[in-house]
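A short worksheet on the structure shown next.
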2 protein chains.
Amino acid sequence: MPDDDGHPLPEEMDLRTVLHALADPLRLGVIARFLREPAGTERTCASFELPVSKSTTSHHFKVMREAGLLRMVDHGNSRTAVLRREELDERFPGLLDLVAAG
Amino acid sequence: MPDDDGHPLPEEMDLRTVLHALADPLRLGVIARFLREPAGTERTCASFELPVSKSTTSHHFKVMREAGLLRMVDHGNSRTAVLRREELDERFPGLLDLVAAG
DNA sequence: CGGTAGGTTCGACTTGCATCGTACCTCGTA
DNA sequence: TACGAGGTACGATGCAAGTCGAACCTACCG
């Protein structure tokens, strides 16, 4: 059962949902940029400076976290996003490698 | 350069295009069913009996072959589709394994 | 020759999704 | 207390994509 923020457990992740989340150029770009940074890197949504409005940015991050790609971490003042690298590697082995390879 | 049927070479295959092609339930189902059969299995589009019209079926197979997932083989009377297993494994290692694992 | 099987193409409709602006929320800070 | 930074929620809009029916094409068969 997803938590309040809609984070699915690894066994709840659905391949179709994940593929759909990755099929968008902006979202695929966000995941690819996470993969170029050290594991565990936390970034605010705004730090990606996507060429869309704030609400659209929020929408894309919602799609990614509900698919299981990202986890939102509450830091009081600001929330940050983290790539769920280990869980994704466990549930969908090789998937992130494909994204990293482009 | 794609041939007359729109088949891309392995190095021309685009991850985004492939992910988009796989994000549709009907198309993902077709690939999954190919993966449950011996490598090299040829099937007609109609043999999948998708719950959509003939023209829609043709549309989905066009999306898959233009993404590089399938190759259409002309047999005179009927055309058959083949999963491009080896080429996909070379270009996107692990991708088909993910689809097979569901 | 016509009929049939299997696919394709075309135009039209309809659904889904990305996008936006606005309003709102929650901290932390001045 | 008020304000700003960072995100979220909601309603509306516009475009991309799925869907369909009808017409067409090619190869085989009777």
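Source: prediction; values computed, not measured. Here is how names work: the chains are called A, B, and so on, in the same order as the sequence lines, proteins then strands, and each is numbered from 1.
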From the list dG6(D), dT19(D), dT8(D), which nucleotide is the closest neighbour of the side chain of Arg79(A)? dT8(D)
Phe61(A): what forms a ring-ring contact (aromatic ring centres under 6.0 Å, His included) with it, not counting sequence neighbours? Phe48(A)
Strictly by salt bridge (charged side-chain N to carboxylate O under 4.0 Å, His left out), give each pair with a member in residues 44-62 of chain B just once, sequence neighbours left out. none
Pairs touching residues 73-88 of chain B that satisfy salt bridge (charged side-chain N to carboxylate O under 4.0 Å, His left out), sequence neighbours left out: Asp5(B)-Arg79(B), Arg71(B)-Glu87(B), Arg84(B)-Glu87(B)
Please work out which residues in residues 14-48 of chain A have a non-hydrogen atom less than 4.0 Å from an atom of DNA chain C and list them by number. Asp24(A), Leu26(A), Arg27(A)
Hey, what bend do you get for the helix from dC1(C)-dG30(D) to dA30(C)-dT1(D) if you fit axes on five pairs at each end, rounded to 10°? 0°
Once base and sugar-phosphate atoms are separated, protein heavy atoms under 4.0 Å mark nucleotides 21-28 of chain C, 5' to 3', with B, S and - as BB----SS
Every protein N/O lying under 3.5 Å from an N/O of nucleotides 14-16 of chain C:
none

Remaining members of the apolar cluster that contains Val82(B), side-chain heavy atoms under 4.5 Å: Val73(B)
Run the side chain to side chain donor-acceptor pair (under 3.5 Å) test against Arg65(B) and tell me which residues pass, sequence neighbours left out. none
Side-chain donor-acceptor pairs under 3.5 Å in residues 35-45 of chain B, sequence neighbours left out?
from	atom 1	to	atom 2	distance (Å)
Glu37(B)	OE2	Arg43(B)	NH1	2.9
Thr41(B)	OG1	Pro38(B)	O	2.5
Glu42(B)	OE1	His75(B)	NE2	2.7
Glu42(B)	OE1	Thr80(B)	OG1	2.8
Arg43(B)	NE	Ser47(B)	OG	3.1
Arg43(B)	NH2	Ser47(B)	O	3.0
Arg43(B)	NH2	Ser47(B)	OG	3.3
Thr44(B)	OG1	Ser47(B)	N	3.1

The side chain to side chain contact (heavy atoms under 4.5 Å, CB included) partners of Ser58(B) (sequence neighbours excluded) come to none
Which whole-number value in Å describes the distance from His60(B) NE2 to dC20(D) C1'? 12 Å
Out of dT19(D), dT8(C), dG7(D), which has the shortest distance to the side chain of Ser58(A)? dG7(D)
Can you tell me which residue pairs pass the side-chain hydrogen bond (donor to acceptor under 3.5 Å, both in side chains) test with a partner in residues 90-102 of chain B, sequence neighbours excluded? none
